[in-house]
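Notes follow once the structure below has been shown.
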Amino acid sequence: MIDFLEETYKLVRQIPKGMVSTYGAIAEALGDRIAARAVGFALNLNPNPDLTPCYRVVAGDGSIGGFSRGIDEKIRRLESEGIRIKNGKIQEFEDVIFKDFETWYPLRKLRGEQSRLANKVKMEDDFEEIRYVAGFDAGYSKANPLKSYGAIVIMDLKKMEVVEKVVAEKVIKFPYVPTYLAFRELPIFLEVYKNLNTKPDLLLVDGNGILHPLKLGIASHIGVILDMPTIGAAKKLLLGEIDGDRIRYRGDVLGKVLYSSSKPIYVSPGHRISMNTAFEFTKKLCRYRIPEPIRLAHSIVSQSRSSRSSDL
DNA sequence: GCGACAG
DNA sequence: ATCTTGTCGC
Ligand SMILES: [Mg+2]
């Protein structure tokens with residue numbers, strides 16, 4: 001997986017003394033403006049401020065933005081390099097914006113990967129008897145922003161009983177970027193999955209299946225990579241319009257609204273399953289709002305995180 | 001200025 | 001997603 005943090009730092013190091021860039025412009029050089037907030041996340045974790053001058057990254061409107069050592073220090077450093085600041089705004093902003101980034105646009109490569117995998121998604125039921133159903137979730141800790149925790153819970157569908165639970169931890173190299181979630185959570189997923197004794201017949205993922213701009217949300221991504229039936233179940237709507245119990249996006253029906261409680265969840269097929277079958281399995285698995293295997297995986301992740309919050 | 005933004 | 005305890009209500 002690409003090291004998002006390192007790619008961000010490489011770009012920031014290209015900004016010369018006396019010039020600035022913006023979170024959005026760095027994100028664009030990474031390959032997608034939607035990653036602007038993730039650039040902020042990366043700069044906040046900058047391990048080597050002497051090597052990587054993150055104070056040269058400012059807000060898109062020419063205001064200064066944040067700085068862990070205080071905004072006054074950021075202003076001081078910029079002024080010492082010849083940037084003129086008045087009332088919290090950079091003067092003659094356009095003239096001091098660095099634009100000539102040398103980049104390979106890593107996020108475009110990831111988009112290409114999504115596009116390639118999306119062609120392999122199968123939206124018809126393609127399985128035999130479903131006996132073991134797995135749920136996956138990942139969690140994070142603010143105390144330790146570079147660590148991810150993952151859990152998979154496997155249940156016997158007929159008995160609705162847990163047959164296996166596995167947890168794992170892994171260092172993260174990719175922040176949360178809307179529509180690129182799989183690149184954040186796939187590594188920890190694979191780490192957990194390889195430790196399973198029971199191989200599930202169906203996997204439910206906390207996130208979307210085809211309900212995604214490229215029809216390749218994390219559930220579809222995992223399904224294609226492992227070649228197994230998957231379903232996406234999200235707590236919030238990423239995109240699309242609600243039309244009755246359907247979710248439409250650019251004319252296609254990409255998901256369904258499931259009222260498993262007073263507040264709905266958003267279900268979409270991941271891989272090797274149809275819309276209706278995905279909806280029915282998910283409905284059957286909901287004891288509470290969240291499908292039981294995912295709900296239990298989430299709970300285990302939380303326990304694992306708090307029990308290990310002391311060590312790094 | 002406001003809304004949108006899986007986790 | 002994370003930070004956080006008890007408390008109110010079905
Ligand atoms: Mg989650």
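To find a chain, count down the sequence lines: A is the first, B the second, and so on, and within it residues start at 1.
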Margin query: Would you compute the distance between atom OH of A:Tyr23 and atom SG of A:Cys54 and round it to the nearest 0.5 angstrom?
Written below: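 Separation between the atoms: 8.0 Å.
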Notebook entry, point to check: Rounded to the nearest 0.5 Å, how far does CZ of A:Arg289 lie from CD1 of A:Ile265?
Noted result: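 Answer for the CD1-CZ pair, A:Ile265 versus A:Arg289, is 7.0 Å.
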We want to know whether [X] and [Y] form a side-chain donor-acceptor pair, criterion being a heavy-atom distance below 3.5 angstrom.
X	Y	answer
A:Gln303	A:Tyr149	no
A:Asn48	A:Tyr9	no
A:Ser63	A:Asp61	yes

To the nearest Å, how far apart are [X] [atom1] and [N] [atom2]?
X	N	atom1	atom2	value
A:Arg33	B:dC5	CZ	P	19 Å
A:Phe189	B:dA6	CZ	P	21 Å
A:Arg289	C:dC10	CZ	C1'	18 Å
A:Arg184	B:dG7	CZ	P	13 Å
A:Glu241	B:dC5	CD	P	11 Å
A:Tyr249	B:dA6	OH	P	13 Å
A:Ile247	B:dA6	CD1	P	13 Å
A:Asn208	B:dA6	CG	C1'	5 Å

Quick one: label [X] by what it contacts on the DNA or RNA (base, sugar-phosphate, nothing), any heavy atom closer than 4.0 Å.
X	answer
A:Tyr180	base
A:Ile218	base
A:Asp206	sugar-phosphate
A:Tyr140	sugar-phosphate

Note to self: Nearest to the side chain of A:His298, heavy atoms from C-beta on, is which of B:dG7, B:dA6, C:dA1?
What the structure shows: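 Given the options B:dG7, B:dA6, C:dA1, the side chain of A:His298 is closest to C:dA1.
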Next item on the list: For C:dT2, take OP1 and OP2 only and decide whether either is under 4.0 Å from a side-chain N or O of A:Arg305.
Entry: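 Affirmative; the distance criterion is met.
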Margin query: Under 4.0 Å from OP1 or OP2 of B:dC5: is there any side-chain N or O of A:Lys236 that close?
Written below: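 Checking B:dC5 against A:Lys236, no side-chain N or O comes under 4.0 Å of OP1 or OP2.
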